[in-house]
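All heavy atoms count here, side chains included; hydrogens, waters and symmetry mates do not. If you're wondering where the values come from, they're calculated on a predicted model, not measured in any experiment.
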Amino acid sequence: QVQVAESGGGSVQAGGSLRLSCAASGIIWRIDTMNWYRQSPGREREFVAGIDSEGKTKYADGVKGRFTVSRDNTKKMVDLTMTNLAPEDTAVYYCTSAVRMTSLSPSKDFWGQGTQVTVSP
């Protein structure tokens, strides 16, 4: 199967920066899109940023200009660099990888367990 694991969460003061990393492992022929989502208490999970296999990126409006998503296809990793963080960025951040396990397999999303990001005023 496929495992997805996030790392790099923590606590920071407003205006600070953090970098999250996500690694996919297991039976992987190809990874299509890798995305980051987040969920804070009382709110639905929301899309944050994503990057496809060719490096094309997409961002939620609220993080444009502050967050940068990048990936290393060889290492099967995706990073999310977050700058100028604000208290409203506090959430559990999840990584997803759209994986094809064989050349004939359809793409399937695998999710990590999430990593907590806390931004204090």
Side-chain angles (χ1 to χ4, degrees):
Q1 285 296 327
V2 175
Q3 296 78 42
V4 175
E6 305 94 341
S7 61
S11 298
V12 65
Q13 289 189 323
S17 301
L18 280 175
R19 186 169 74 178
L20 306 182
S21 294
C22 171
S25 61
I27 303 173
I28 298 172
W29 177 73
R30 170 183 163 136
I31 302 177
D32 294 329
T33 304
M34 302 183 84
N35 293 321
W36 288 95
Y37 288 79
R38 66 186 180 186
Q39 187 170 22
S40 52
R43 299 186 65 177
E44 292 189 358
R45 192 170 296 183
E46 62 177 357
F47 171 80
V48 176
I51 184 168
D52 68 15
S53 58
E54 297 180 354
K56 183 177 179 180
T57 58
K58 185 176 180 180
Y59 296 94
D61 287 343
V63 306
K64 285 180 181 177
R66 300 190 299 125
F67 291 11
T68 302
V69 62
S70 60
R71 68 188 277 176
D72 184 326
N73 290 331
T74 300
K75 295 181 179 179
K76 301 182 179 64
M77 293 186 67
V78 60
D79 287 347
L80 183 68
T81 302
M82 306 181 292
T83 63
N84 195 21
L85 284 160
E88 50 266 35
D89 294 315
T90 295
V92 177
Y93 284 71
Y94 298 90
C95 171
T96 73
S97 294
V99 174
R100 298 178 189 265
M101 297 176 69
T102 73
S103 61
L104 300 178
S105 302
S107 183
K108 180 180 177 181
D109 282 339
F110 291 87
W111 288 73
Q113 294 298 308
T115 185
Q116 177 70 46
V117 171
T118 302
V119 184
S120 57

message: Are the side chains of Met101 and Val2 in contact, using a 4.5 Å heavy-atom criterion?
response: yes
query: Between Trp36 and Ser21, which heavy-atom pair has the shortest distance, and what is it?
result: CH2-O, 3.7 Å
query: Under a single-linkage definition using a 4.5 Å side-chain heavy-atom cutoff for Ile, Leu, Val, Met, Phe, Trp and Tyr, are Ile27 and Ile31 assigned to the same hydrophobic cluster?
result: yes
- prompt: Would you say the side chain of Thr57 lies within less than 4.5 Å of the side chain of Tyr59, judging by non-hydrogen atoms?
  reply: yes
query: If you look at every heavy atom in Phe67 and Met82, which pair is closest and at what distance?
result: CE1-CB, 3.5 Å
message: Starting from Val78, can I reach Ile28 by hopping between I/L/V/M/F/W/Y residues whose side chains sit under 4.5 Å apart?
response: yes
query: Roughly how far, to the nearest 0.5 Å, is the CG atom of Asp79 from the SG atom of Cys22?
result: 9.0 Å
message: Distance check, rounded to the nearest 0.5 Å: Thr96 atom OG1 versus Asp109 atom CG?
response: 5.0 Å
field: Same cluster (ILVMFWY, side-chain, under 4.5 Å), Met77 and Val69
entry: no
Glu88 side, atom CD; Arg43 side, atom CZ - distance, nearest 0.5 Å: 9.0 Å
query: Should we count CZ of Arg19 as having more than 12 external heavy atoms under 6.0 Å?
result: no
field: Any side-chain heavy-atom pair of Thr81 and Ser17 under 4.5 Å
entry: no
message: Is any side-chain heavy atom of Thr115 closer than 4.5 Å to one of Val92?
response: no
- request: Examine the side chains of Arg38 and Tyr93 and answer whether a donor and an acceptor come within less than 3.5 Å of each other.
  value: yes
query: Does Arg100 pair with Asp32 as a salt bridge, N-O distance under 4.0 Å?
result: yes
field: Any donor-acceptor N/O pair, Gln39 side chain to Glu44 backbone, under 3.5 Å
entry: no
message: Count I, L, V, M, F, W, Y as connected when their side-chain heavy atoms are under 4.5 Å apart, and connections chain through other members. Are Phe110 and Ile51 then in the same cluster?
response: yes
message: I'd like to know if the side chain of Gln13 and the backbone of Ser120 have a donor-acceptor N/O pair within less than 3.5 Å.
response: no
message: Any heavy-atom pair between the side chains of Lys108 and Val99 that's under 4.5 Å?
response: no
message: Within the structure provided, determine whether Asp89 and Val117 are in side-chain contact (heavy-atom separation under 4.5 Å).
response: no
statement: Distance col, row Arg30:CZ vs Asn73:CG, nearest 0.5 angstrom, shows 9.0 Å
- request: Please report the shortest heavy-atom distance between Ser53 and Arg71, naming the atom on each side.
  value: N-NH1, 3.4 Å
message: Counting C-beta onward and ignoring hydrogens, is there a side-chain heavy-atom pair between Val48 and Leu80 closer than 4.5 Å?
response: yes
query: Any salt bridge between Asp52 and Lys58, counting N to O under 4.0 Å?
result: no
task: Evaluate the side-chain proximity of Ser40 to Thr90: yes if any heavy-atom separation is below 4.5 Å, no if none is.
output: no
- prompt: Where do Gly114 and Glu6 come nearest, in terms of heavy atoms and distance?
  reply: N-OE1, 2.9 Å
- request: State plainly whether one hydrophobic cluster holds both Tyr37 and Leu18, where clusters connect Ile, Leu, Val, Met, Phe, Trp and Tyr through side-chain heavy atoms under 4.5 angstrom apart.
  value: no
